[in-house]
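Below is one structure; the comments refer to it alone.
Quick note on labels: first sequence line is chain A, next is B, and so on, each numbered from 1.
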Amino acid sequence: MTGLVWTALALPLAGAAVLAVLGTRLPARGAGWLASLVMLVAFVCSAIATIMLASRPHEERAVVETAWTWLTAGSFQVGLELWFDELTAVMLLVVTGIGFLIHVYSIGYMRGDEQERRFFAYLNLFVFSMLLLVVSGDLVLLLAGWGLVGLSSYLLIGFWHQKPSAIKAAKKAFVMNAIGDVGLALGILLLFIELGTTAYTGVFAGAGSLDSWTATIAALLLLVGAVAKSAQLPLHTWLPDAMEGPTPVSALIHAATMVTAGVYLIARMNPLFHAAPYALETIVVIGVLGLLMAGAIALVQTDIKRIIAFSTMSQIAYMFVGVGLGAYWAGIFHLFTHAFFKALLFMGAGLVIHALHGEQDVRNMGGLRSVMPKTYFCMLIGALALVGIFPLSGGFSKDAILASALEVGTPLAWVAYIGGLAGALLTGIYTFRLMFLVFHRRMSPYAEAVAPTAVKHHGEGPSSMLWPVYILTLGAAVVGLLQVPGLTHVFFDWLEPIAPAGMVEPSAAQEWLTTLVAVSIGVAGIAIAGHLYLREFDATERMRLGRGRLVDHALEHRLYWDDLYAVAFERPAQWLAAVLRRDVDRPVAGWLPTDGLGTLTAFLGRSVSVIENGVVRSYALVIALGMAGLLLALLVRAG
Amino acid sequence: MITATTLITVPLIAGIVILIVPFAQRLAGYLALLVALGMVGAVAGFVYRFEPMAGYQFGDDAEWIPQLGIRWSVALDGVGLALAAVTALVVACAIGYGLWARRDRTHATFGLLLITEAFLFVVFAARDLFVFYVGFEGMLIPLLVLLAVWGGDERRKATVQVVAYTAFGTLLMLVAILWLGLTAPDGPDFSMAAAVGRGNDLVFWAFALAFAIKSPLFPFHGWVMPAYRQSSPEVAAVLSGVASKAGGFAFLAVLVPLFPEQSARYAWLFIALGLIGFLWGALLAFRQPDGRGVIAYSSIAQMSFVVLGIFLLNAQGSTGATFQMVNHALVSAALFLLAGWLESQAGSGDFRRLGGLARSRPILATVALVLGMAALAVPGSSVFASEFLILLAAFADAWWLGTIASLGIVLAAMYMLRWISAVLHEREGDLVGQLRPPDLRSGALLAVLPLALALIALSVAPAQLTERVDPSSQMMVAGAFADKEAR
Amino acid sequence: MGIVVFFLAAFLAIVSALAVVSQKNPFVSALGLLGNLVSLATLMLLLEAQFVAAAQVIVYAGAIMVMFLFVIAYVGPRGEIGPGTRKPWQVVLAVVAGLLVLIQIVLVVWTTDFGKPASVDEAFGGPGAVGQAFVTDYLLAFEGVSVILFMAAVAGVILGAGPRPKRLTTDQVMAKEGEAEARRRAASRAAIEAAREAEPGEVR
Amino acid sequence: MIEAPNVVVLAIAPEISLLVGASLVLMVAAFLRGRDRGIGVLLGIAAFAVSGGFAIAAWGDPPVVTVAEALQVDQLTQAVRILVAGCGLLTLLVALGWPRMREAGAEYAAILLFAATGMTLIAGSNSFLTLFVALELFSISLYVLCAFDRSSKASLESGFKYLVLGTIGSIILVYGAAFLYGATGSFQFDGVAAGLAEAEPGAWLVALGVVLVLAGLLFKIGALPFHMWVPDVYEGAPTSVTGFMAAATKIAAFVALARVLAEPLAPVRDTWEPVLVVVAVATIVVGNVAALVQDNVKRMLAYSSIAAAGFGLIAIIVGGEAGSRALLFYLAAYAPMAIGAFAVITLHERDHRGVTTLESIRAWGFERPFAGLALVVFLLGFAGFPLTAGFLGKFLVAGSAVESGWAWLAVVGAIGSVIGIAYYLRVILALYDRSARSGVHAAGAPGLASVSIAIALCLALVIAGGALPGIGIDWAGEAARVLAAGR
Amino acid sequence: MSVGLPFYLSVSAILFAIGLVGVLLRRSPLTTLLSLEVMLNSVNLTLVAFSRQVGGSDGQVFALVVMGIAAAEVVVGLGLVVAMTRREMVLDTDELRSLSG
């Protein structure tokens, strides 16, 4: 069983290495198929391993295995440790499964790009990193995976590296992630110093014995990492910019897998967070604020991918609320369903962009329903799942989170509940704003000029792009049924063992009530969106939501977070570095002023040799004076 | 029987022979490369035979100048072996690169590089202060000549600067060594073992100054910029890659064990300087206009960090510092070779005139990316592992120390990304169109690749190194640690 | 009597020494030195060093002075150069140095109590006593001086040998030197230029 | 009845052989006038070899005081005899490369032999009278040797300057000896020592005598403020003579100074010690600083030899067994470096047909790899880099200073050495200036082979003295015991 | 002896100083050599005076040695002057400045 997991872990790495080394010696198409094949095998391995895990008795489901000692120093020891349990299995399946589909999709999407091989190498590398993150049984190793996904994300966002905006976005993502890495690393350091180990077994066992302050600080430091990776407040600003990367990347990394790593981390570290209630409350607060803010900003974005990106941020904020409330299973469940419908939405958007020759501005779309009916249908399913319309997948998972808030019942949980419902309204509006602007209303002149011919020639897309979309559509529609309140209980049962201290589980009544409310709100949102955007209008008109210019301006500028960072950190750092370089380093490092010293010694040397004027009388004079001087000194001293 | 003495004498003799025997130019180069590869093999044999718990090994101990109590005493422990291994690799790659670059007057360049290697081995293996001094000072000569003769346009000024700084430090150290050796209780004795704990503060500072300048530790880095910028790539690689490690190694293997009491007492100062230097170098690297500037200041930052790690005086700190030195040797040597390759192809290292090199140069892009990512310590890389150990040590010492130090890691990400994108990405610079060979290939690639592969290997199993280093490095700081605890 | 002779001799010695130093014509200076020697010989006689006094006159007046006069005659008017006064500081400092040395020695001499001079017998200072000391206790010095004189003779031959030069005035000599120097410089410059411009192959 | 003084002929055999050699050379020269005169030089070499052979054969014999107590023949004297014979031998080899040797080689050899006789005598002198005679013997010989190249105005000028200033120095020495005679009633060293021991402390007369004697001797070693003649004379003299002066004169004068301080003046150490300390520091500083701005290589080496004299003075001040041993080793180590360096300059003068300056030596190292490398080694030896005899000399001197509480003098010496490295480096940089093309090219000429042999011998000595100095240290220690016993 | 030792020594010192000043001031090489002779003579006087004071012949022997050496020096010095004359050099010590710096 563990062998299969190791295989699943190693295959993408091998794939990446083979692609990198062979490079141009591979046929262009072959790279994509090879990478996809690797993913398929990895998925199959994961699936079999999961089945084998499921066949075990409950108490034997957490498997730990060390391949070799990775790093030692003194009492510090980190093994290359595999940790395979129910949560790992879910993540494995999501990563390999969705990952496989997106690889296949990419074959079509990237066709014709001269750097295809590099793209698939990066993609495989990313999958390896993500798998390392989820299967590692040691925090340091998790951090390694954590960093490597950041790296692959950087590489993929900046894939079209001749675009300065892409490189800028990639760097931004990497630096933000690095801040998170450092936070996470500090948390791990603190845990090691308190517990003497970084292996999960030791940490879980010792978490309970930590005093609450230490636990809180450690948990908050881990949270910094989670927040950065999952693009939550206040380290979220990289995610919208990350849409500069190719669309499959957005689908894989910035929707289905990497950004959810923060949720996974919190769920994984639940024994620690359990010991740190303040940290859990912080997570809820971050989640509520994030889901509202991201939803609001999504309302005014004009880039199709950015709208989906903010939606992602908002949905992950829901997951944060879920895990923050202690309903780890609900958070992971939402992660699971979200992976399907968000990947679907991105890939659908990708089809649209493909058909429009790379256009991403929704103002230049419109009326595509007739041209791209298959795409429209799939995306509609995805959008409905996102809004949480019964019985599609998103509804079940999101409502599970909200219902958990009801079950918890604290004031903060009520805030979360209300906030979550408000968020559902925003979700409805922005999702269908997108759908209406893209597929309904009258075609924009650009779309009219481009789309019909493109579709006529190539169809809505090559089959390698369409089939993954279909499969995801199916998934988005049905995976919610794993956990129908009162009927099926698969997900909760499966994940229950991961939280030794137990998980919050709402009653069926709470869930159905919440579903009722949430679906109504979602439908209301769709209605509002229809009211606002389903009218015919000139595409050049600015798409405002409210009347107040201030609000619009603020939302369009994403609530000034970027400007805040620029003013607070980036510019001072740049200024400081410039000043240090220009004015400070030279005097400080040049404490031995070789120039000045050289001039000084040269001056001294010249003054000394002035006496050496070649005149023998002067020499004799110096000798006489020297003798007289020595004599004088000695006589004075003796006398 | 191959011992540490073999390690020293073979490159020394080979270097001198290559220097003076008038072989054909190419032949001299290939001979030098052969010897350098032989040294890699010899060191590999040592690594294979090394017993981590057995202390100093492969040693020789013979009378040298009995009148002064000076012995030819050389042996390798884990720390010395790690650095010797990386030295052998870096020098081999540097010679390989020089061969590719068709350096003129091959005899002299490669002969001198081999002699440098021999002296570096002396430093890493010395168990006698006199022997140590010979290595520490001796390695300067060939490097200086290499800098002064084959350097860039301002090589004279750079040479003078290097000499002024380093000679100043080492000569004061010589006086200190004399004091230690001649005031030994049982007649003159220059062995390190006899010097443990006998030094006073003045002697301590004389040593510390020499090492701080060589490392270079902030604020003794004034010579670094001119030296790294003016020397030819292979020499810069050896200078920043391994020669600077002599300073860091000396802190760990000489200063701390010999002066446990002072080391514990003044550890705070070195920690402070290390911390400042780490951030300082990172900030300055961020604003450098060319590749060499970035690498040079990042080297200052990294070596300051190493010193910080050493003076935390615990197992993780010292092992981490050693590991970090190995990593940095590989990274900076490879980066300098790469920067040199770029300059030789494009005619400039100026960021404003480069860029977009990744386009249709996949090999260059891959190698540069791997190195860049290693340099910025992406988690999972070997540099990350070593930095993590030092951070761990810092955090264990004081939480705020670790927290501030972690800032430097974020800064490292910023400047290395700037380097990568300025060279590889974005729009093509005006010089890039004129490049002759389109991609990193053949000789130059073969010179850089082993360094990159070594980094990757260390990333996969860093414990292979730390397990061998750990017992030795713990021994080195044990005395000072006990003193610190007693305080 | 002794006092009168002493002061007379001392006065003459000083005056003649001043003459040596101050005269423009080296011939006159040399004659001044002769007077100085004789005065000193007188003083030595007062100190009962008859043999040394005699040697002083014989060696100096008989040998050294003659040599001087020959060379002065050989060199001719070129030897006549007035006291240099181009740099006042040189003069001031020279006088200061001289005075400083003088004052210090005189001070030491007059503040030291030497005690009574030793009583000496008749033979003291005579050729017998000094001669005996020379070939017994000071044999090595004696031999050494003879070796030095031998060597000096050889050196005189080496240095003095060669073709006889033309007589020229100072100005002519200086002008010629200037020309020669300029020629030499030009030649060496040309040689270096030529070597620089040559192809490496030719250089080899 | 006059009794002949006792003379142990065997004890003064080296001097006798030198003098006989000189006479033979002159006689042969008289017979062979007009023909190839290399035979005169060969005879000179033979005389030096025989003289040195006698001294070596007598090594370890019990000390003898001979020639009516004028001369003490002990280990120190033997050591100087051997060293001077070696210097003379090497100098004659170098001189063969000088074109004028074909017409006046025999005279040159004869006068060199006379000078060497004076030097060996001064080392063994047992009275101020002997000291003075010996001093004059070699001084006057050197005046002649300096002016030996009559075709060169610079040579005549240097000879005349040396003569005027040297005579002033000698007069001062005699004057001092006279005052000491007045104070003690003797010229014999033991008599003076006995008299001074009884004299009231701080007597002005004694102080006067001591200062004048010291001034006379310091003049010969070229210490401040009596150094003024050194640069001009070194520059103007034929280069082989300069090498001989830098090496042998220094040995003789230093040993004489050490003997005078250790024997007659030992009781008044309080008087001369402060004088020497001031002089030593000033000499080191001024010598090094002034050397820094010289463009003429011979002149630069002259200043460096002034600085070296300052370093030797440190050993003199320290005195005792350690200091004396260090002094002797330092002088012995300095000799081959000086002769070798000036031999290389001789070679360059032949190639260049002109004065050796930093400009004219540019890129010459590539023309003559062996000579260039040798010069580098000699310069590094002067600078005190490890594995050269010069380093060990400085090591011993600084070591003796540190050991006996004069550590600050060692530090001054170390700082001087730092400055020293800067100007030696200027030469090395010029020697291997890759951007310049050598204006001269190496050409064979008669006599150059012997110069090369001399360079090779010096090189071997310098490296052997640095790598395996044990014998030399033992040897210096034995010779130095004489001086140490006096205190 | 009617005049005390200090008188002789003073006369010697005065001559020494005169000779020294002569060397320091005169530019003619011949006069310089003559001034040196004055200095040498003054030292001889000191030696002889002390010899009388001490009552040994050592000082006188030394004085004789000094005389001999002075002769040798004069030979070499004058030989140099002659050689310089032959090389048509200016006989002015201030002009002997090709070696300086």
Side-chain angles (χ1 to χ4, degrees), chain D residues 127-130 132-133 135-137 139-141 143-144 146-147 150-168 170-188 191 205 231-237 290 293-296 298-299, chain E residues 5 9 12-13 16 19-20 23-24 29 32-33 35-51 53-56 58-59 61-63 65-66 68-70 72-77 79-91 93 95-101:
Chain D
S127 85
F128 280 110
L129 188 51
T130 318
F132 176 69
V133 171
L135 182 88
E136 284 300 305
L137 180 53
S139 295
I140 297 176
S141 310
Y143 306 154
V144 180
C146 284
R150 282 180 304 142
S151 60
S152 152
K153 284 181 186 169
S155 176
L156 287 176
E157 181 184 330
S158 82
F160 185 76
K161 281 180 174 172
Y162 195 13
L163 176 101
V164 172
L165 298 171
T167 307
I168 295 178
S170 307
I171 294 171
I172 292 172
L173 178 73
V174 188
Y175 211 13
F179 282 112
L180 285 180
Y181 174 61
T184 63
S186 175
F187 287 117
Q188 292 295 119
L205 190 66
D232 286 13
V233 172
Y234 275 33
E235 185 188 340
V293 295
Q294 302 303 324
D295 290 325
N296 183 308
K298 270 166 89 178
R299 203 171 179 81
Chain E
L5 181 62
L9 296 182
S12 156
F16 184 84
L20 184 62
V23 174
L24 299 190
T32 307
L33 291 176
S35 301
L36 287 174
E37 293 304 312
V38 173
M39 287 173 81
L40 273 167
N41 279 326
S42 79
V43 174
N44 270 353
L45 182 59
T46 306
L47 282 168
V48 171
F50 274 129
S51 169
Q53 173 74 16
V54 172
D58 308 356
V61 173
F62 209 139
V65 167
V66 169
I69 285 168
E73 231 154 30
V74 165
V75 169
V76 174
L80 278 170
V81 171
V82 170
M84 287 197 291
T85 314
R86 286 171 185 279
R87 286 284 292 134
E88 301 180 358
M89 290 164 77
V90 186
L91 289 186
T93 55
E95 296 303 323
L96 293 176
R97 278 194 306 185
S98 68
L99 306 169
S100 67

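For the set E:Leu20, E:Thr46, E:Thr32, the count of heavy-atom pairs under 4.5 angstrom toward chain D peaks at E:Thr46. Among D:Gly182, D:Ser170, D:Gly236, the residue with the largest count of heavy-atom pairs under 4.5 Å with chain E is D:Gly182. Between chain E and the options D:Phe160, D:Tyr143, D:Phe128, the largest number of non-hydrogen pairs under 4.5 Å is found for D:Phe160. In terms of heavy-atom pairs under 4.5 Å with chain E, the best-connected choice from D:Ser127, D:Ala154, D:Ala147 is D:Ala154. Ranked by heavy-atom pairs under 4.5 Å with chain D, the list E:Leu36, E:Val81, E:Leu9 is led by E:Leu36. The choice from E:Gly59, E:Ala83, E:Ala72 that makes the most heavy-atom pairs within less than 4.5 Å of chain D is E:Gly59.
E:Ser35 does not touch chain D: none of its heavy atoms, backbone or side chain, sits under 4.5 Å away. Using a 4.5 Å cut-off between heavy atoms, D:Glu136 touches chain E through its side chain atoms alone. Residue contact with chain D, scored on non-hydrogen atoms closer than 4.5 Å, is absent for E:Val75. When heavy atoms are compared at a cutoff of 4.5 Å, D:Ser139 does not approach chain E at all.
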Query raised in the report: Does the pair D:Phe187 and E:Val61 meet the rule for a side chain to side chain contact (heavy atoms under 4.5 Å, CB included), with working shown?
Result: CA-CA 11 Å; D:Phe187 287 117; E:Val61 173; over 6 Å; no
Report task. Mind running side chain to side chain contact (heavy atoms under 4.5 Å, CB included) on D:Thr167 and E:Leu33 for me, showing each step along the way? Result -> CA-CA 10 Å; D:Thr167 307; E:Leu33 291 176; over 6 Å; no
Query - Full working for side chain to side chain contact (heavy atoms under 4.5 Å, CB included) between E:Asp58 and D:Leu129 - result: CA-CA 9 Å; E:Asp58 308 356; D:Leu129 188 51; over 6 Å; no
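Closest heavy-atom contact between D:Tyr175 and E:Ala13: OH-CA, 3.5 Å. Nearest approach of D:Ala178 to E:Leu47, heavy atoms of both residues: CB-CD2, 3.6 Å. E:Met39 and D:Ile171 get closest at one heavy-atom pair: CB-CD1, 3.7 Å.
When each of D:Val133, D:Thr130, D:Val174 is tested with E:Val65 by the rule side chain to side chain contact (heavy atoms under 4.5 Å, CB included), just one qualifies, namely D:Val133.
Applying the side chain to side chain donor-acceptor pair (under 3.5 Å) rule to pairs touching residues 177-186 of chain D yields nothing, sequence neighbours excluded.
Take E:Glu37 and apply the salt bridge (charged side-chain N to carboxylate O under 4.0 Å, His left out) test, not counting sequence neighbours, and it matches no residue.
Here CG of D:Leu163 is found 6.0 Å from CD of E:Glu73. Values are rounded to the nearest 0.5 Å.
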